[in-house]
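Structure first, commentary second.
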Amino acid sequence: MAEPLLAVSGLRAGYGDVQVLWGVDFAVHPGEIACLVGSNGAGKTTLLRALSGLLPPSEGSIRFAGGELAGASPERVLGAGIAHVPEGRRLFAAMSVRDNLLMGAYLRRDGAAALARDLERIYEVFPILAERRAQDAGTLSGGEQQMCAVARGLMSAPRLLLIDELSLGLAPAVVDQLSDALRALNREGLTLLVVEQDVATALELARDCHVMDSGRITRSAPSEALRNDPAIREAYLGVI
Amino acid sequence: QDTIRVGAPLPMTGPLSPEAVKQQRGYNLWAETANAAGGVKVGAKRMKVEIVYVDYQSNTPRAVQAAEKLITQDKVSFLFSPFGSGATKAASGVSEKYGVPTLAATASSAQVYDQGYKYLFGTFTPNDTLTEPLSDIVRKAAPGVHRVAILARNDLFPLAIAQEMEKSAKKRGMSVVYFEKYAIGTLDHASALTQIKAQAPHWIFATGYTNDLVLMRKQMADLKLEAPVITMIAAPAYQEWIDATGKLSENVTSAAWWHPAVRYKGKDLFGSTESFVKRFQAKYKTLPDYAEASAAAAGAILQMAIEKAGTIDPAKVRNALASFNETTFWGPVKFGPTGQIVSLEPPVFQIQGGKPTVIHPAAIRQGELRLGVK
Amino acid sequence: MSALLELAGVSRAFGGLRALSSVDLAVQRGEVVGLIGPNGAGKTTLVNVVTGVHRATSGRVRFDGEDVTRLRPYQAARRGIARTFQIVQPFSAMTVLENVTAAALFGGAARSIAEARAQAREQLAFVGLEQAADRRAGALTLAMRKRLELAKGLAMRPKLLLLDEVNAGLNAVEMDAALALIRGIAARGVTIVIIEHLMKVVLSLCSRIVVLHHGELIAAGKPSEIVKDARVVQAYLGRRYAEAQPAHG
Amino acid sequence: MLVLQVLANGLILGGLYACIAAGFSLVWGVLNIINILHGSFIVLGGYLAFFAYSIAGIHPFASILIAAPLFFALGYALQAGLINRMIAAPVLLTLSLTFGLDLMLANGMLVAFSADFRKIILDPPLGVLSVGPLVVPVDRLTAMILALALTGLLYLLLARSRIGRAIVAVRMDREAAALMGVNVKRIYAVTFGLGSLMAGASGALLAMIFPISPLVGPAYLGKAFVICVLGGLGSVPGAMIGGLALGVVESFGALWLGPEYAVPLSFTLLILVLIVRPSGLLGKRGYE
Amino acid sequence: MKRDALRAVAMFVLIALLPLAGDSYWLRLGTTMLMYGVLAISWNFIGGMAGYPSFASAAFFGLGAYAGAVAQKLGAPMGFAWALAGAAALVFAAALGVALLRLRGHYFAIASLVVAEVLRELVNAATDLTGGGMGLNLPIPRLASIEGQAMFFFYAMLALAALAFAAMLAAMHSRLGFGLRCIQQNESAADMLGVNTTLYKVAAFMLSGVFVGVAGAIYASWVHYIEPPDVFDVLYSVKAIVMVLIGGAGSVFGPLFGAALFLSLEELVWRNYLQVHTGVLGLLIVLLVLFLPKGLISLRRRTA
Ligand SMILES: Nc1ncnc2c1ncn2[C@@H]1O[C@H](COP(=O)(O)OP(=O)(O)OP(=O)(O)O)[C@@H](O)[C@H]1O
Ligand SMILES: Nc1ncnc2c1ncn2[C@@H]1O[C@H](COP(=O)(O)OP(=O)(O)OP(=O)(O)O)[C@@H](O)[C@H]1O
Ligand SMILES: [Mg+2]
Ligand SMILES: [Mg+2]
């Protein structure tokens, strides 16, 4: 197997006195879609925040494409090629959709033409955004906002895209669209790490899956294997 | 105890601080001169003087507080009033309460003195002693002047003198075609001046502090507002106003309670007016204006009263002041029943060639009234 | 018996955009109604209109026999309409307990702070948050905050509870617990309107489903009928869902 | 006729007001800081122009070019060194901070420059422009045009440039902006620098029109407050419109009600506008 | 609550003993301190509890001062004039609150700031009633000796401060205080929970006005001369806020501690640094904000 694109080891982080991550180890390989599942409060969001530099880790290492990113600023992390679509979307509410997308490309310096091309591509993947490009992002519906947030993340042309709560609040048809879009992007070489509560969808989408519990990765395995694992089924898939 | 402590609450910070500097110069000059001469003669001994300053931040109630602090904490025997009629009026209650003789160097409005207080004495004559001779001069030199426009700062002294001006003008049959107040802190006078211009007055009478009148004079020129007579009170008596308006100051008239061109033979420590001006210039490299001279005069008068009483007992010094009748470099000094000076004839002057030129009273006249201000 | 909530010709426009256009809807007492529709269909807007956050541009809303079209939110709350927010809105610097106490005190029937606190503890126990009672609401995870929203809603002793995506962000197992919870609420006699994109929730809880699309009601009926409705499949569920459906059911 | 002249007066005054308020509004809208120092910065800019002219003979219009970088650097340093430490604090704390700093600066200026009023007297004076019956002083007119130009430049910077978009993004969501790779602290410093630049530059312009002294800062600050609420916080076009509106309203208020009422009138107007449009005239994209 | 009340009683009794120790200067300081305390406590209702950054203190203060002074000028006895001033402030706060409290955050702050300016100019213009720019002299109460007067105003201010404090303590532990805290955290959510936000905010605003109004009237009688720029000075608003921040916003004793500390600083600096006293005060404020952003109260917590 190739060198991992992202390798995390011994990562610890928390908020003030509250330690949330207790030594996280896992790896994401180039060109794959990986997913991160875990029960409520396991620390998934915290992990993504630590990865993207929003929350400085207290210990551990984050190796990305050969460089060390633990303790780096969000600016450096993004520059290195990791974009983060945060929980709660966090769009710039009073900016137009288009300006939001352009903000995604804030660090890019490859010229207006490349930007315009990528913008067009985004509008193809998410036609609703094209329709609403001049509308303030704050007045979009929940699902539209989620699309805008993913699209904004893509605009930085990242190598690795972190998405927190991918399907949260999305209509079933949109989840399908979004999954399709992500797969397409993935085929073009984008690596993805997705946090997803709908474990069935996650397992379907991802090749590797990491299970998080109480601030640690307790299991990392191909999705195939997990899908048929009775313990996982009982803990995360449930029965109707 | 061998020093006489005199309290001086002053607005050293805040909008009135330029005035505080002037007061301080006058008081300091007096104290230095007196001390250099060995001090004030009190009966058989000589006592040095010490002035205790307190900043009241241009805030009148703070001035009251400062006066009380000076009397009760710093144990001063005498007080120089805070600046201006308003604060003087407010603080005079305190000195009255404690029975401390108080000299007001910058309070002219009659309302300050008619409260029936016994310990307050002021070196400025009432406001109408400025507007009356001014009106006479204008009437005589330019009989055609009969439309008067008045623009006053809504503040105790500027407003009071504007009201006197209105009376003086009406008394002489002139018509007041415009009378408005402007708020403290006004940044723009264009509207008022435009309206005045539409009235085509012969005489524009404006009051305010230095910055108000600098701005107003500049805006008059901007709007091409011209008139045979333009009077401004009291800023033109200050060099900084002349500096800040430059050529626009030419031919603006004003009146004040004193001018360095007056000539009196005083019995005070400064002696003649000339020697006072010389001393002042030696120390501060500039001519004294009326506010600076008044402060020094307050000191000189206090000194003479103490020497006459032969003690620093407040009641006795107070009586010496009440019966005071001497000539000083400031002029003849005699206080009326309310405590306000009644013996002065304030000079009227005009800026000519960038310098204040006295045009009244006749005894010290340096030039004639020139008409036309552009 | 008349309906508990009745919307007649309700429209709401934002500038040129018609987020709701003449919606007619009646919710009977004791019903559990599902409200679904694509993103941006106007579901949250409908909740906002009912609770007085936005005022209907036209049309009327009746609740419990009264016209509530022009009520302010607090008035609606006191008449027995409670809601949860899609984007959760806790008092983040207060503790969980205080959050629910506030709801019991101002929206509920509690006569004193002490009484409200006691009621709040009950509700926290009911939703399973009693362990977190003394934590700062801002430090809760998303799912816990949603449960907190639920507890707040319940503490108001509502007649009608509008749940705007309270189950989003839960994994399947957690969701099962949440479903049991909501069933328990319904069993107390509270009328419930559920907005949810998780078909599993809607299908298993609701006796009736209404579908909004572009601000208009396009379908209403039993769950089994709705999932087969061509327009609903086309606008909302997507073909894949429809294809997977038979295998599921 | 009278009305026309007063309108002209009001517009010219309003142009100057706009320039006073733009930087203040920006800092307030973006950094959520009510910068009490703004008034004193304007005064300091005035002194800079005054001394540049009286000592080195540099024309006030030219001294803007000196004031701009100097004040930008001053503001940048202040924000980066001091205010950034408090940035997450509630607005009243940063207000107290700038209040304290302002007391220091104002006191410092008082000691350094004394309280005397000074004014730049151009030699030769620029004179007045007569258009039919209207008279317009050239110095005010030029100052207003420069003021509006500066404000316009600021607007373009915010609307068009990459850094401008970053400023707007930071204003809306600090953390999300950081995720976009924006160095938030630097943007803060840049924004404060821009606000200071506008203050210094407008001070340099005003020194030619108004007498300056360390004591007039609060007057300018008060105007800035009113204008930026009239126009909507953080909005540069709002500041422009608010400034012009205030100038015109004050002028007509003085004409019709008497100069005494010019100021209360403008304040009353402000409150009315707020009650009718709680986020200012152009406040749609306002901060809160 | 009981413990706080007991402590407060002890504290006020201690303050009441001050005249035994000091001369009239100290009495004057004490009176000013209590006045500042009233300002700070009152601001806490709207600013600390409801979270609305009000700058209206100066407006209430000036209004109360002039209402009391004019009433006395027209012949009302002093006590009645004070009560009248309180009522005027209360009514004014209610009317103003209904209009202004629709505004949020900064906009509210500015609107409330401007109110004082408008009132000042109106009072300035109403020359016949208020004396306008010439100020207004109040009758000097000839009732007792100088010391007796000083004592009288000291105890009057003390009573007012105690009243304001009791009102704050009661409000904090009542439905009102709870509702206000909800409003502070998230107003629309509070609304949705059934809090009548308008009513609560206006009530808080009225509480923040009434005591300040009375304080203004007492102040006017005490200094027996007032003028518009003084009693409508925006610094009253700013100081109220700074004092609460110094003391620690939201705490029970914070406003009082803040007032005491602020006044001591102001007085010390004023006496000792003639030329630069405002600058030194500024420096102290900056240092306090930078190093004790949560106020003095946080010191105790830190050491505890
Ligand atoms: N700002 C904060 N301050 C203190 N504790 C926090 C904060 N944010 C999160 N936590 C705590 O950290 C732990 C992990 O939270 P996190 O949001 O990472 O979980 P998660 O796995 O993303 O959960 P969810 O599935 O609900 O999103 C939780 O116990 C939470 O209460
Ligand atoms: N305050 C507003 N101003 C302008 N447009 C708005 C506003 N609120 C909502 N909208 C628009 O109204 C439409 C309906 O929005 P709403 O939030 O009701 O959708 P929704 O059905 O709840 O969607 P979702 O399932 O994604 O939450 C959307 O297109 C949205 O952009
Ligand atoms: Mg999470
Ligand atoms: Mg919604």
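Within every chain, numbering begins at 1; the chains are lettered A, B, ... in the order of the sequence lines, protein sequences first and strands thereafter.
At a 4.5 Å heavy-atom cutoff, the contact between B/Ala221 and chain D is made by backbone atoms alone. Proximity to chain B (any heavy atom under 4.5 Å) is restricted, for D/Leu13, to the side chain, taken from C-beta onward. For B/Leu151, the part lying under 4.5 angstrom from a heavy atom of chain D is the side chain only. For chain B, the nearby part of D/Ile209 is the backbone; its heavy atoms alone come within less than 4.5 Å.
For the set D/Ile212, D/Ile121, D/Leu126, the count of heavy-atom pairs under 4.5 angstrom toward chain B peaks at D/Ile121.
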Are there any donor-acceptor pairs closer than 3.5 angstrom between chain B and chain D, and if so, which ones?
| from | atom 1 | to | atom 2 | distance (Å) |
| --- | --- | --- | --- | --- |
| B/Asn154 | ND2 | D/Glu260 | OE2 | 3.4 |
| B/Lys181 | O | D/Glu260 | N | 3.0 |
| B/Asp188 | OD1 | D/Arg140 | NH1 | 2.9 |
| B/Ser191 | OG | D/Ser251 | O | 2.6 |
| B/Thr194 | OG1 | D/Asn9 | ND2 | 3.0 |
| B/Gln195 | NE2 | D/Leu255 | O | 3.2 |
| B/Lys218 | NZ | D/Asp139 | OD2 | 2.5 |
| B/Lys224 | NZ | D/Ser130 | OG | 3.1 |

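In this structure, CG in B/Leu187 is found 10.0 Å from CG in D/Leu16, a value given to the nearest 0.5 Å.
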